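Below is one structure, written out as structure tokens, with a few remarks after it.
Computed from a predicted model, the values in this text were never measured in an experiment. Proteins get letters first, then strands, A, B, ... in listed order; numbering begins at 1 in each.
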Amino acid sequence: MANLPILQFEEQIVETVDRNPVVVIIGETGSGKSTQLSQILHRRGYTKSGIIGVTQPRRVAAVSVARRVAQELGVHLGDEVGYAIRFEDRTSERTHIKYLTDGVLLRESLSNPELSQYSVIILDEAHERSLNTDILLGLMKRLVRMRASNLKVLITSATLDGEKVSNFFSNCPILSVPGKLYPVEILYSNERPTSYLEASLKAALDIHIREPEGDVLIFMTGQDDIEKLVSKLEDRVQSLEEGSCLDAIILPLHGSLPPEMQVRVFSPPPPNCRRFIVATNIAETSLTVDGVVYVIDSGYVKQRQYNPSTGMYSLDVVQISKVQANQRAGRAGRTRPGKCYRLYPSILYNDDFLDVTVPEIQRSSLAGSVLYLKSLDLSDMDILKFEFLDPPSSESLEDALKQLYLIDAIDENGLITSIGRVMAELPLEPSLSRTLMEANECGCLFQALTVAAMLSAETTLLPGRSKSTEKKRKHSHLDLPDGSGWGDHIQLLQIFEEWDRTNYDIGWCKDHNLQVRGMLFVKDVRKQLSQIMQKIAKGSLDVRANGRWNEGEQDYRNLRKALCIGYANQLAERMVHHNGYRTLGFKPQVVQVHPSSVLKPDDEGKLPEYVVYHELIATSRPYLRNVCAVEIHWVMPILNKVKKINVNKLSGGTDLAVEGTEGNLSDLPKKEVNIAGVPDDHKSRIQAARDRFLARKAKK
DNA sequence: GAGCACTGC
């Protein structure tokens, strides 16, 4: 600790913080910024008037850094030094230094917008630009104006965007603290390889044959490529002459690997053995593998992006940014000098790579964030004028407003409704929050809580989905319930109910190939949601089991209706002649229900006329993931509402003149609203659909 | 008939 670089800068840091409300700290890896900044300010009296809060983008980081600082100060974790993450608050009245995830700080600011208990807020790892960090940056900008006399804000960032953050905060000072990394030699390829899989293979073998011991970390884009490379590498290493080089262990590392497989990278290799770790960007920030000396960087990453005009997510392989490339290279220099093989030419890095990763806020649906900001009730709050470090497009903001309007979170003037206020309290996507509120009205909250909790954990429920190991959940022989034909939400409900009947038996999860950790997480989330609903609904609600009926007899009507109201912004109509769907409320997309869905066709092989969907994502094709059958007469009022949407009004535009605040939004594009996706003749189509529906019913 | 990177309240 004594030789951490940052400690030589203590005087300079304290002096700068004393004189400025905001300071940007450029702290390279190993500088000690995460553990030392808080301690320095604590030593210098900044905890006399409040506590020091340090945000982290990840839970594990918040916990491990807090633990470390408590150790260094010789105090019990949870006393002077503590942490707060979802489901776990280890702080007390004695806590001076509090580590927390940025999501938790956002929640705190909902109940206490001035964050008055804090004298210092340190936004750590701000260069990662998570959605939450970006919103916090905007809030901090307001907060330092309001609390100029008694709040200090420190933002740690990367070399390449420190300037930009400083500009955002009125050109506040930037302090650079060197890191403690060993030098990493960067080696570029002459050109982009035609196949980066083959190029990685070749680079890995070259290292293995020519270079002295030291592990190799290879960055790939996804599970498929990782598995391919692992098997190719295994073949090639085996064919090398016995004794000609070190032994080799080859390990895959990605998010959908079960935890016990992930931790294999933390056990040190046997002597005379080189490890090859073939990883996604999980090894860029989330997991640190010791012993890495060589890095092979493909220069690509798989990134999720949202298209606000279609409401569709896609998962694309894109070029990484310079910050990411440097982060990857740095992984080679943690224990001794290393080498980084970049499978792209230096000219590409210099001229073509973006300096920083496109922030998440420009790649996501903003419905949740906009609702959050609206619920803060900031006096000068106008969502379209909120100061973002990198503003999202106005199209994206308007999309968010449109969605919030359809689910009754805001009114036609863009003002938050009483429903919207409650929704913002719930740690869920707006559609699910709305579903819970509606379920509370229809007496099926008990079930809706389960569905919302299951969907919050959905991706962690199933074990790795690799081709070899997959046991299919939905069409499986594992006799999981099948949603009674109504779709995936209902299936998720039935799965949890069955587990509930076994009294949460761990063995049952294993028998049914469900991740135990995922199911336990669902239980936690469900409990949390239920507590929040009890608190805000003031006793009027039904969280007890009276939403349960005898199985087999129910059509989940109330629950499906609640889902329909909640997912009014994610509605699709079946095409007339086949089982494709068309999305409604967005520029219409022809999409299909994901083949893993349990939604069942009727006797004629037709899927339901209308479904709501949890997610629309283009992988090999555009797919609706997690769908639920809904009834036509619930859909019609929604379609009417869609038709009436006036985005100008929603964003506070057209009617401002009437209210005498003309010109307030002059910078807004006054574009003609065209809600594509609702054909003018939709009424006749609905009529036709109903006829078909009735005809089918009569036939039965 | 497909297969999705990573976080978080």
Side-chain angles (χ1 to χ4, degrees), chain A residues 55-62 84-89 100-111 125 128-136 219-227 253-257 262 279-287 298 300-305 313-318 320 324 327 357 359-360 363-364 368-369 371-372 423-430 432-433 452-453 456-460 462-475 521 524-525 528-529 531-532 579 592-597 615 617-625:
Chain A
T55 68
Q56 295 289 327
R58 279 170 294 280
R59 298 162 54 96
V60 273
I85 59 178
R86 187 178 188 179
F87 304 133
E88 210 183 341
D89 184 351
L100 68 175
T101 50
D102 39 26
V104 169
L105 189 62
L106 281 177
R107 288 284 141 194
E108 288 185 3
S109 126
L110 206 54
S111 51
E125 317 290 2
E128 289 187 24
R129 303 295 303 277
S130 74
L131 190 53
N132 287 341
T133 306
D134 268 25
I135 291 171
L136 281 174
F219 284 102
M220 305 294 285
T221 59
Q223 184 178 345
D224 257 17
D225 286 349
I226 288 173
E227 282 166 9
L253 180 61
H254 53 82
S256 38
L257 222 50
Q262 284 189 14
T280 59
N281 49 336
I282 196 171
E284 220 172 85
T285 48
S286 306
L287 294 180
S298 62
Y300 289 112
V301 69
K302 208 173 273 187
Q303 218 173 51
R304 198 175 140 103
Q305 3 232 7
Y313 276 96
S314 61
L315 211 51
D316 308 317
V317 173
V318 300
I320 57 172
Q324 276 178 296
Q327 178 72 28
T357 316
E360 208 185 338
R363 298 186 280 116
S364 321
S369 303
L371 178 61
Y372 171 83
M423 285 169 59
E425 298 275 334
L426 289 158
L428 289 172
E429 301 152 54
L432 286 173
S433 307
S456 302
E458 216 246 346
T459 51
T460 60
L462 308 169
R465 285 186 242 182
S466 80
K467 283 167 189 149
S468 49
T469 61
E470 173 158 11
K471 303 258 167 56
K472 291 161 200 163
R473 167 168 63 105
K474 306 220 162 171
H475 291 234
F521 178 75
D524 280 345
V525 174
Q528 184 190 30
L529 296 176
Q531 283 166 349
I532 296 173
N579 275 337
Q592 280 182 305
V593 176
H594 196 276
S596 65
S597 174
E615 187 180 46
I617 183 159
T619 49
S620 57
R621 293 177 184 176
Y623 284 115
L624 303 177
R625 285 190 69 250

Measure from the side chain of L315(A), starting at C-beta and using heavy atoms only, and say which of dA2(B), dC9(B), dC4(B) lies closest.
-> dC4(B)
Among dC4(B), dA2(B), dC9(B), the one nearest R86(A) by side-chain distance | dC9(B)
When the distance from [atom1] of [X] to [atom2] of [N] is rounded to whole Å, what number comes out?
| X | N | atom1 | atom2 | value |
| --- | --- | --- | --- | --- |
| I135(A) | dT7(B) | CD1 | P | 19 Å |
| I320(A) | dA5(B) | CD1 | C1' | 13 Å |
| I282(A) | dA5(B) | CD1 | C1' | 9 Å |
| E125(A) | dC6(B) | CD | P | 18 Å |
| D134(A) | dT7(B) | CG | C1' | 14 Å |

With T221(A), which residues qualify under side chain to side chain donor-acceptor pair (under 3.5 Å), at least two apart?
-> Y196(A), D225(A)
Could you tell me whether the phosphate oxygens of [N], OP1 or OP2, come under 4.0 Å of any side-chain nitrogen or oxygen in [X]?
| X | N | answer |
| --- | --- | --- |
| Q528(A) | dC9(B) | no |
| S130(A) | dC6(B) | no |
| T619(A) | dC4(B) | yes |
| R625(A) | dA2(B) | no |

In chain order, what residues pass the side chain to side chain contact (heavy atoms under 4.5 Å, CB included) check against T55(A), with sequence neighbours excluded?
-> L100(A), D102(A), L105(A), L123(A), L136(A)
